[in-house]
Amino acid sequence: MFEFGSSIKNRIIRFLKFANLVLAFLLISLTIYADQYEFLGDYQSHQVNENSVLLQAENNVIKLTVISEAIIRIQVGKENKILDIPSYAVNPSAKQETNWTLNEEKLKLLLTLPEGQVVIHKNPIRLQFLDEKGNEIDADDPGFGHGWDGKEIRVWKKLHPDLKFFGLGEKTGPLDKRGNHWVNWNTDFWAYDDRQDPLYVSIPFLIGLHEGRAYGIFFDNSYRSTYNLGAGNNRLYSFGAEDGEMDYYFIFGPQIKDVISRYTLLTGRMPLPPKWSLGYQQCRWSYYPEYEVLDLAKNFRQRQIPADVIYLDFHHMDEYKVFTWNKERFPDPERMLAELKRMGFKVIPIIDPGIKIEPGYTVHDEGMGGDHFITFQDGQLYQGAVWPGWCYFPDFSKASTREWWGKWYGQMKDQGVSGFWNDMNEPAVWGKELPYPVLFDDEGQKSTIKKMHNVYAHLEAQATYEGLRKHSLNERPFILTRSGWAGTQKYAAKWTGDNIANFKHLRMSVQMCLGLGLSGVPFVGPDIGGFVGSPTPELFARWVQLGVFMPFFRNHTSRGTEDQEPWTFGEHIEEIARGYISLRYQLMPYIYSAFRDCAINGVPMMRPLFLDYQDDEKTYSSEYQYQFLFGENILVAPVVEENRPYKKVYLPEGQWLDKWTEKVHQGKTEVIVDAPLGVLPAFFRVGGFVPNRDRIQYVDEFPLTELIVDVFSGADGEYTLYLDDGLSFDFEKGVFDEIKFEQINQEASLEILSQSSNRQWAKSIKSVVYKIHNVKNAPAEVTVDNYKIKLIEEALVSPKKLQMDLFKYNAEKKICEIKIPFKTGKQVIVLKFEL
Ligand code: MIG
């Protein structure tokens, strides 16, 4: 019995051991099974609180907050809790009171805004976005919505077959980002190529376009984030991050322009920059010593090649120590800067965030004393090697450190520099990055580099901007940055880093600048001529022509390359460069007004055709992707290949006047135009105006006393010219002028009206020359405010310049030129034609 019993007991024990194994096995397989994304699950309840709806789902919470009539914020909790992580990008004042409603149905909730609707499907919770007519613009994939896997968070959405994607900041490749996987992690990549991703700037802002209707999604999460825009599949697109909160803003359109405008309301817009920063800028790694800088300046003036800015790359420093001068190379910086100023030059030095570890060096000592440097999690100071050797790095996530850093810029500005160039701020430590266990203050939250890496440059730019504003109360700062984050446009202009001197990079520079503009960063430009390597004369000429119509216009090259100043490629190229750089200055009234528009509405001045012609399929075609509009009235079609003396151009709706031939083309056509080396194909919008002026050598050389207005007649239109002091913030108090032009075209007459305010800038304009294009016959009569002016034979116009109160007509070019005294208030010019 006992024995029997004992054997049973043994068997039971053996069974239990076996069962245990099975159980363990089951558990293991369960864990493997559970290693998939979890989702919100079904709806359980909801609660409305002021402008938000908090929904309790089976597995988590999701919150929708109404931000404005066209923007809704969506947050998914972590373990049932909304984290509300403070944002580095979003301006809290972007929140606006708006009417919205929430209606509950059995299977869904409807959240309705003035500009669109969110349908919250209940079982399981899925979001769907509709326009005001009920058309679906975007929706969660029915199988997957908002999910997470441990700390990682993600949203999956439907990939409509026609869906196009734009934005995402500084990315290479075509403007349509579909079909790829993209990473946001600020990266210093010397001599990047057209597949390099990520690069210097991360902007998790995406524009979608489905059935002609655009929307935007700004994912406000600074951890490493990834976007799968239909890479390797035809069902889903998604975005997510390795940690942090699922926190994004859905922006209704349907116009792409409105989406950008709304996005920049959220994250900030480029403030109107000082006017000199729109001029031509000369850089190289590096100009030194002092006589080389002065010679450079003199060379520009002697050769009559306009320029406003000279950069000092890091050889001006003493042992690469920021905010110092190398006294051998620059014995008296203040004297040199004053001399350059007399010649009309501004100087911009480079600033790196790495601070040489050297007791006795004031920046180092102050940084140590003020507890301004990044440490490891265990409290030990972090050291990274860059140009000066071992360095400490400021922790810009601390307000006191930002203030301290900003003060140094102010001090350096007192010596006579005009702006600053923030480099290496990814942050880069010899092309590598900071190790994970370093700790940032993050305004007391103590966060690691995982969260802070992507916002480091942004916070540095903020420190710089705020420091300069505090220092020179009424002067617009100019800052150039390499790295950044969503919203950095409110502090700094951006160049596209270490490109290469070849035609492929010229093409990439167009794509990247257009892409940045669509992502809210309008003040952008590449190293003209190319940074790595040396351009051929042809490439240089083509790139300078293009640069005239890029917002930030700077020639820069690396150390060890050939000279790259505009006169180093022979006389012919010098002549071309002089002509084009002069053109930039002649167009300054137009360019500055375009910047003003952008500062007001966030829509970039350099923009793809589809921004203004959204419904025209052709404007999306890759064949025409290098064409763009600069401001509202100029279409630029740069030559982007070697040895191509012609260019195929697509002209959208309307009529377009060829800058070179004066020929008017009907829109919605393709044309092939000649483009020998000296010619950049460009077209003016018929109905438009382009105000300009005579050649100047730098922006502030002479006040504008004679305004030239190119009028492209043949269609009615309006235009507003903006004028102010170009430097101060007085315009914020209304201290500026605006001249509004209008043209009314009739069979037997053309009427041009100007309506001007009456402050000092408009008053300083003494005369105005209207160059009216596309005038088919000589006018029979021209009146200015009902007063008749006389025709003069072209041959009699001397010396080259038209005198006041006369007009002339060129039958071959079909241009009628009229010169009259300029009057503020209203002025009416009427051209009458015999039928
Ligand atoms: O390690 O300052 O992108 O424009 O000339 C290179 C030297 C550091 C990188 C910048 C480039 C600049 C260079 N800098």
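Just so you know, these numbers come straight off a predicted model, no measurement behind them.
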Check: Side chains of Arg213 and Asn135: closer than 4.5 Å at any heavy-atom pair?
Finding: yes
Check: Any side-chain heavy atom of Pro394 within less than 4.5 Å of one from Ile355?
Finding: yes
Item checked: Main-chain N/O of Ser222 paired with Asn454 side-chain donor or acceptor, under 3.5 Å -> yes
Next item on the list: From the options Lys157, Arg126, Arg235, select the one residue that forms a side chain to side chain donor-acceptor pair (under 3.5 Å) with Asp141.
Entry: Arg235
Note to self: Any non-hydrogen side-chain atom of Leu127 less than 4.5 Å from a side-chain atom of Ile74?
What the structure shows: yes
Check: Atom CD of Gln117 and atom CD of Glu132: how far apart are they, to the nearest 0.5 Å?
Finding: 10.5 Å
Check: Around Trp190, counting heavy atoms of other residues, nucleotides and ligands shown, do more than 12 lie under 6.0 Å from its CH2?
Finding: no
Next item on the list: Give the minimum heavy-atom separation between Asn499 and Pro526, together with the two atoms involved.
Entry: ND2-CB, 4.0 Å
Checklist line | Residues Thr481 and Asn425: side-chain donor-acceptor under 3.5 angstrom | finding: yes
Notebook entry, point to check: Distance from Lys398 atom NZ to Asp442 atom CG, nearest 0.5 Å?
Noted result: 12.0 Å
Next item on the list: Take the angle between the ring planes of His210 and His160 and call it parallel below 30°, perpendicular above 60°, tilted in between.
Entry: parallel
Note to self: Looking at Glu443 and Arg402, is any side-chain nitrogen of the basic one under 4.0 Å from a carboxylate oxygen of the acidic one?
What the structure shows: yes
Check: Could you walk me through whether Asp243 and Lys450 pass the salt bridge (charged side-chain N to carboxylate O under 4.0 Å, His left out) check?
Finding: CA-CA 8 Å; Asp243 199 349; Lys450 291 185 185 181; over 6 Å; no
Next item on the list: Would you check if the side chain of Gln75 reaches a backbone N or O of Ile82 as a donor-acceptor pair within less than 3.5 Å?
Entry: no
Notebook entry, point to check: Is it true that a side-chain atom of Asn601 and a backbone atom of Val603 form a donor plus acceptor pair closer than 3.5 Å?
Noted result: yes
Notebook entry, point to check: Is there a side-chain contact between Tyr200 and Asp498 (heavy atoms, below 4.5 Å)?
Noted result: yes
Next item on the list: Measure the acute angle between the ring planes of Phe218 and Tyr263, then classify it against the limits of 30° and 60° as parallel, tilted or perpendicular.
Entry: perpendicular
Note to self: One pair to check against salt bridge (charged side-chain N to carboxylate O under 4.0 Å, His left out): Glu245 and Lys78. What are the steps and the verdict?
What the structure shows: CA-CA 7 Å; Glu245 188 171 48; Lys78 277 212 155 167; over 6 Å; no
Checklist line | Short side-chain to backbone donor-acceptor contact, Glu403 and Ser400, under 3.5 Å | finding: no
Notebook entry, point to check: Is atom CG of Asn99 surrounded by more than 12 heavy atoms (other residues, nucleotides or ligands) closer than 6.0 Å?
Noted result: no
Check: Atom OH of Tyr223 and atom NZ of Lys151: how far apart are they, to the nearest 0.5 Å?
Finding: 7.0 Å
Checklist line | Any residue meeting side-chain contact (heavy atoms from CB on, under 4.5 Å) with Asp176, in chain and number order, not counting sequence neighbours | finding: Lys164, Phe165, Phe166, Arg178
Note to self: Determine whether Asp395 and Tyr382 satisfy the following criterion, side-chain contact (heavy atoms from CB on, under 4.5 Å), listing intermediate values before the conclusion.
What the structure shows: CA-CA 11 Å; Asp395 181 354; Tyr382 163 70; over 6 Å; no
Margin query: Please report whether the ring centroid of Tyr88 lies less than 6.0 Å from that of Trp485.
Written below: no
Check: Checking salt bridge (charged side-chain N to carboxylate O under 4.0 Å, His left out) for the pair Lys446/Asp441: CA distance, chi angles, key distance, verdict?
Finding: CA-CA 5 Å; Lys446 306 285 177 206; Asp441 182 68; 3.1 Å; yes
Note to self: So which atom in Val183 and which in Pro198 form the shortest heavy-atom distance, rounded to 0.1 Å?
What the structure shows: O-CB, 3.3 Å
Check: Can you find a heavy atom in the side chain of Ile449 that is under 4.5 Å from one in the side chain of Glu433?
Finding: no
Notebook entry, point to check: To the nearest 0.5 Å, how far apart are CG in Asp149 and CD in Glu242?
Noted result: 12.5 Å
Notebook entry, point to check: Taking the side chain from Thr448 and the backbone from Pro437, do they hold a donor-acceptor pair closer than 3.5 Å?
Noted result: no
Next item on the list: Output every pair passing side-chain hydrogen bond (donor to acceptor under 3.5 Å, both in side chains) with a member in residues 52-68, not counting sequence neighbours, ordered by first then second residue.
Entry: Gln56-Asn80
Checklist line | Heavy-atom closest contact (Leu109 atom, Leu55 atom, distance) | finding: CD1-CD2, 3.3 Å
Check: Short question: side chain of His505, backbone of Tyr192 - any donor-acceptor pair under 3.5 Å?
Finding: yes
Note to self: Atom NZ of residue position Lys95 - does it have more than 12 heavy atoms of other residues, nucleotides or ligands inside 6.0 Å?
What the structure shows: no
Next item on the list: Identify the residue among Phe252, Phe250, Phe205, Tyr248 that makes a ring-ring contact (aromatic ring centres under 6.0 Å, His included) with Tyr215.
Entry: Phe250
Next item on the list: Indicate the ring-plane relationship of Trp185 and His453, choosing parallel, tilted or perpendicular according to the 30° and 60° boundaries.
Entry: parallel
Next item on the list: Go through the steps to decide whether Lys504 and Asp193 satisfy the test salt bridge (charged side-chain N to carboxylate O under 4.0 Å, His left out), and finish with yes or no.
Entry: CA-CA 9 Å; Lys504 183 163 135 191; Asp193 66 22; 6.0 Å; no
Next item on the list: Could you pull out the closest heavy-atom pair between Pro254 and Gln614, with the gap in Å?
Entry: O-NE2, 2.9 Å
Notebook entry, point to check: Is any side-chain heavy atom of Thr172 closer than 4.5 Å to a side-chain heavy atom of Gln511?
Noted result: no
Next item on the list: Could you walk me through whether Thr464 and Asn422 pass the side chain to side chain donor-acceptor pair (under 3.5 Å) test, one step at a time?
Entry: CA-CA 9 Å; Thr464 310; Asn422 285 350; 3.2 Å; yes
Note to self: Is a donor from one side chain sitting under 3.5 angstrom from an acceptor on the other, for Arg154 and Thr226?
What the structure shows: yes
Notebook entry, point to check: Would you say the side-chain atoms of Lys122 pair up with the backbone N or O of Lys106, donor to acceptor, closer than 3.5 Å?
Noted result: yes
Next item on the list: Provide the closest heavy-atom pair for Ala428 versus Asp188 in the form atom of the first, atom of the second, distance.
Entry: CB-OD2, 3.4 Å
Margin query: If only side-chain N and O atoms count, and only distance matters, is there a donor-acceptor pair under 3.5 Å linking Glu152 with Tyr37?
Written below: yes
Checklist line | Presence of salt bridge, Lys81 and Glu79, under 4.0 angstrom | finding: no
Check: Which value, rounded to the nearest 0.5 Å, describes the distance between Leu206 atom CG and Ser519 atom OG?
Finding: 9.0 Å
Check: Roughly how far apart are Leu199 CG and Ser483 OG, rounded to 0.5 Å?
Finding: 10.5 Å
Notebook entry, point to check: Is the Tyr491 to His458 ring centre distance short of 6.0 Å?
Noted result: yes
Check: Do Ser202 and Asn186 have side-chain N/O donor and acceptor atoms under 3.5 Å apart?
Finding: yes
Next item on the list: Would you indicate whether the side-chain heavy atoms of Glu105 and Asn103 approach each other to under 4.5 Å?
Entry: no
Check: Strictly by modelled atom types, are Asp138 and Tyr237 linked by a side-chain donor-acceptor pair under 3.5 Å?
Finding: yes
Margin query: What I'd like to find out is whether the side chain of Leu229 reaches to under 4.5 Å of the side chain of Asn180, using heavy atoms alone.
Written below: no
Next item on the list: State, to 0.1 Å, how close Asp220 and Ala89 come at their nearest heavy-atom pair, and which atoms those are.
Entry: OD1-CB, 4.2 Å
Check: Looking at Trp156, Trp182, Phe219, which one forms a ring-ring contact (aromatic ring centres under 6.0 Å, His included) with Phe239?
Finding: Phe219
